[in-house]
Each structure stands twice: as structure tokens, then as C-alpha cells.
Amino acid sequence: MKLARRHKIMIAVPVAFFTLLLVFLLAGEVDSWIPSDTKLDDAASSIARAEKSYRALKAQFDTSLENEKTWKERSTHWFRPERDGDPELELRKKIEPAATKAVLPLNSIGTVRRSAINTQLYFAEIDVAGSGTLEQITAFLAEIQQMEPRLYWRRIELRPEFRRGPGPAAATAEPLLQINGTLRAIAFNIPEVKK
């Protein structure tokens with residue numbers, strides 16, 4: 001019996017020694033199995049930062065979706081060469097009938113100028129000058145407002161027109177206004193790529 005007990009002790013001592021050795025060697029990893037309060041706090045703050053970053057990215061994404069929607073809505077009213085022709089030719093063709101319909105005599109219509117917005121878009125601008133009654137000018141402005149593709153006023157001036165001549169005839173005539181302004185259209189440089 002003593003021999004068996006002796007064998008048990010000889011086996012138990014090295015096993016206990018190796019067990020203690022493993023516990024000391026793996027002590028650094030044992031605390032990762034059972035996290036401390038500081039590690040839990042660090043993990044919670046990391047999760048909070050990640051959630052904040054996610055909310056910021058989500059807001060940027062939502063903004064970009066809204067911008068894309070706005071772009072698509074607005075760009076339907078801009079000059080497209082494949083649909084509307086060349087703005088340098090078509091602007092004059094649109095303004096002259098609008099003035100004729102409003103019975104507004106135009107003194108001059110300038111040439112179309114281009115100014116780049118970016119690689120795909122540019123402004124096509126044209127100067128317009130005329131004179132007429134307030135009703136004629138209002139009718140002309142309404143015609144311009146209803147045009148497709150849309151035209152925008154970059155600048156517009158209305159001034160009274162001075163008349164020379166006999167006093168009583170000039171005083172009884174309906175007062176005329178001068179209109180000077182620059183009309184602007186947004187146009188695509190190249191046809192839009194179909195998807």
C-alpha cells in the first residue's frame with residue numbers, strides 16, 4: 001500500500017508544479033476572460049463613440065440622398081442638348097416670341113455668353129433690353145417665368161423712361177419703363193449618361 005501511495009505522491013507533485021507554472025504563465029490572459037470594471041467602461045465608451053460616428057455618417061448619407069433627389073428634380077428644368085438644342089441658339093428663339101406675345105418692344109438682345117459651373121454644367125447668359133408699359137413688362141416677365149427649360153434673372157433693372165418733346169403730349173402719354181437685365185439658363189455641356 002505504501003508503494004501505491006508513494007506513486008500517487010510522485011505523480012501529484014509534478015502535476016501540481018506544472019499547474020502552478022501554467023497559472024503564473026497564463027495569469028495575463030486570465031484577466032481577459034473576466035474583464036475588469038475599467039475594461040467594461042472602455043468597451044462601453046468605445047461603443048458610444050462608434051454609435052456617434054454611425055449617426056454622423058447616417059446623417060451625411062441622408063443629406064446626400066436628399067441632395068441627389070433635389071438635383072434630379074431641378075435638373076429636369078435645365079437645358080439638355082439632346083432634348084432642347086443648343087442654348088446659344090435657342091435662348092434668342094425663346095425670348096423673342098415671349099416679347100412678341102407680351103407686346104414688349106425689345107431694344108436689344110445680346111449674344112449668349114458661357115460661364116462654367118463645373119465640367120458638366122455651365123451658365124448660358126444673355127442680356128435683354130426693352131421699354132414698355134408696366135403691363136407689357138409684367139406680361140413679358142410672366143412669359144419668361146413659364147418657359148421650359150427655365151430661365152432665371154441674374155440681374156434686372158426697371159427705370160422710368162425719360163421722354164422729350166412737347167409738354168402736354170408727353171404728360172398725357174402712358175409712362176414707359178425701361179427694362180434691362182441678364183437672363184441665365186443652366187445647361188449641360190455633354191449629354192447625360194444613361195444608366
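For reference, positions follow the sequence shown, starting with 1.
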Query raised in the report: Is any side-chain N of the basic residue among Glu157 and Arg159 closer than 4.0 Å to the acidic one's carboxylate O?
Result: yes
Query - Residue Asn118 excluded, over 12 heavy atoms near CG under 6.0 Å - result: yes
Report task. For the pair Phe188 and Trp78, name the ring-plane relationship: parallel under 30°, tilted 30 to 60°, perpendicular over 60°. Result -> tilted
Query - Atom pair OG1 (Thr138) and CD (Gln145), whose distance is rounded to the nearest 0.5 Å - result: 12.5 Å
**Report entry** side chain to side chain contact (heavy atoms under 4.5 Å, CB included) assessment of Ile95 paired with Leu106
**Finding:** CA-CA 10 Å; Ile95 293 169; Leu106 293 178; 4.1 Å; yes
Query - Separation between OG1 of Thr70 and CG of Leu65, rounded to the nearest 0.5 Å - result: 10.5 Å
Query raised in the report: Got a donor-acceptor contact below 3.5 angstrom from the Arg92 side chain to the Pro87 backbone?
Result: no
Query raised in the report: Distance from Ser64 atom OG to Leu57 atom CG, nearest 0.5 Å?
Result: 10.5 Å
Requested in this report: State, yes or no, whether a side-chain contact exists between Leu141 and Ile156 at a heavy-atom distance under 4.5 Å.
Outcome: yes
Report task. Answer whether the closest heavy-atom distance between the side chains of Ile137 and Leu158 falls below 4.5 Å. Result -> yes
Report task. For Thr133 and Leu176, run side chain to side chain contact (heavy atoms under 4.5 Å, CB included): C-alpha distance rounded to whole Å, both residues' side-chain angles, the deciding distance at 0.1 Å, then the answer. Result -> CA-CA 5 Å; Thr133 63; Leu176 295 179; 3.9 Å; yes
Report task. Would you mind reporting whether Thr111 and Glu88 have side-chain heavy atoms less than 4.5 Å apart? Result -> no
Query - Check ion pair Arg114-Glu125 (N to O, under 4.0 angstrom) - result: no
Requested in this report: Give a yes or no on whether Arg155 atom CZ has more than 12 heavy-atom contacts from other residues, nucleotides or ligands under 6.0 Å away.
Outcome: yes
Query raised in the report: Tell me, do Pro97 and Glu143 make a side-chain contact under 4.5 Å, heavy atoms counted?
Result: no
Requested in this report: Could you state whether Met147 and Phe79 fall into the same hydrophobic cluster, counting links through intermediate Ile, Leu, Val, Met, Phe, Trp or Tyr residues with side-chain heavy atoms under 4.5 angstrom apart?
Outcome: yes
Requested in this report: Can you see which heavy atom on Ala124 is nearest to which on Val112, and at what distance?
Outcome: CB-CG1, 3.9 Å
Query raised in the report: Is Ile186 close to Tyr122 at the side-chain level, that is, under 4.5 Å between some pair of heavy atoms?
Result: no
Query raised in the report: Can a salt bridge be assigned to the pair Arg150 and Glu148 using a cut-off of 4.0 Å between side-chain N and carboxylate O?
Result: yes
Query raised in the report: Do Trp71 and Phe123 share a hydrophobic cluster, counting only Ile, Leu, Val, Met, Phe, Trp and Tyr and linking them when any side-chain heavy atoms are less than 4.5 Å apart?
Result: yes
Query - Side-chain heavy-atom pair Leu121, Asn189 within 4.5 angstrom cut-off - result: no
Report task. Give the minimum heavy-atom separation between Gly132 and Gln136, together with the two atoms involved. Result -> CA-OE1, 3.1 Å
Report task. Test side-chain hydrogen bond (donor to acceptor under 3.5 Å, both in side chains) on Ser131 and Gln178 and set out the steps. Result -> CA-CA 4 Å; Ser131 63; Gln178 289 182 344; over 6 Å; no
Report task. For Glu73 and Thr76, work out which heavy atoms get closest and say how close. Result -> O-OG1, 2.7 Å
Query raised in the report: About how many Å separate CD1 of Ile179 and CH2 of Trp153, when rounded to the nearest 0.5 Å?
Result: 4.5 Å
Query raised in the report: Is any side-chain heavy atom of Leu183 less than 4.5 Å from a side-chain heavy atom of Leu91?
Result: no
Query - salt bridge (charged side-chain N to carboxylate O under 4.0 Å, His left out) against Asp62, all qualifying residues, sequence neighbours excluded - result: Lys58
Query - Residues Lys94 and Glu90 bridged, charged N to O under 4.0 Å - result: no
Query raised in the report: Do Glu96 and Ile109 come within less than 4.5 Å of each other through their side chains, counting heavy atoms only?
Result: yes
Query raised in the report: Atom OH in Tyr152, atom CZ in Arg184: separation rounded to 0.5 Å?
Result: 11.0 Å
Requested in this report: Enter the distance from Leu177:CG to Glu135:CD here, rounded to the nearest 0.5 Å.
Outcome: 9.5 Å
